[in-house]
Trainee: 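Quick one: the structure is below, and I'll ask about it shortly.
Sequential numbering from 1 along the given sequence is applied to the chain's residues.
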Amino acid sequence: MSTASPPTWLRALATWLVIFPSVALGQVVLNAVAPSMQPVLRVAVLTGIVVPFAVYIGVPNILRVMSLRSRRAPAEESS
């Protein structure tokens, strides 16, 4: 049984909802831990953490939650 892929706009929204807070939090943490870190190194470290997190954990989980909510919504409206 294969499931249909969510629309592109929904995947983009899910990606943004994961990436933006992750980068914001990462900036705060890196600023506290290594305030004198060179900007290019800071971006490399942050990208190396945020991208795998988003691809393997964040986006799949948020898409799963969005999918569950969209499946429940019509059932709630009919009752």
Side-chain angles (χ1 to χ4, degrees):
M1 176 167 129
S2 84
T3 59
S5 180
T8 302
W9 69 267
L10 188 60
R11 291 192 317 263
L13 175 64
T15 302
W16 189 89
L17 287 172
V18 171
I19 296 280
F20 178 76
S22 300
V23 169
L25 180 62
Q27 285 286 17
V28 170
V29 169
L30 281 177
N31 212 21
V33 173
S36 62
M37 185 182 283
Q38 295 297 319
V40 174
L41 180 58
R42 179 185 300 266
V43 170
V45 168
L46 195 53
T47 302
I49 295 168
V50 169
V51 169
F53 167 76
V55 169
Y56 291 107
I57 298 168
V59 173
N61 284 324
I62 202 163
L63 284 173
R64 187 175 306 120
V65 168
M66 289 176 159
S67 173
L68 292 173
R69 283 188 55 100
S70 69
R71 283 189 210 144
R72 276 201 313 232
E76 291 173 358
E77 291 173 4
S78 63
S79 47

Trainee: With a cut-off of 3.5 Å and sequence neighbours excluded, list every side-chain donor-acceptor pair involving residues 36-55.
Mentor:
from, atom 1, to, atom 2, distance (Å)
R42, NH2, A34, O, 3.2
T47, OG1, V43, O, 2.7

Trainee: For residues 57-67, dump all side-chain donor-acceptor pairs below 3.5 Å to protein atoms at least two apart in sequence or in another chain.
Mentor:
from, atom 1, to, atom 2, distance (Å)
N61, OD1, R64, NH1, 2.5
N61, ND2, I57, O, 2.9
S67, OG, R71, NH2, 3.1

Trainee: Report all side-chain donor-acceptor pairs from residues 7-18 shorter than 3.5 Å, counting only partners two or more places apart or in another chain.
Mentor:
from, atom 1, to, atom 2, distance (Å)
T8, OG1, R11, NH2, 3.3
R11, NH1, S5, OG, 3.2
R11, NH1, P6, O, 2.6
T15, OG1, R11, O, 2.8

Trainee: With side-chain hydrogen bond (donor to acceptor under 3.5 Å, both in side chains) as the rule and sequence neighbours excluded, what pairs involving residues 48-57 come up?
Mentor: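 Those involving residues 48-57 do not exist here.
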
Trainee: Transitive ILVMFWY cluster of L25 at side-chain heavy atoms under 4.5 Å: who else is in it?
Mentor: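 Members alongside L25: V29, V33.
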
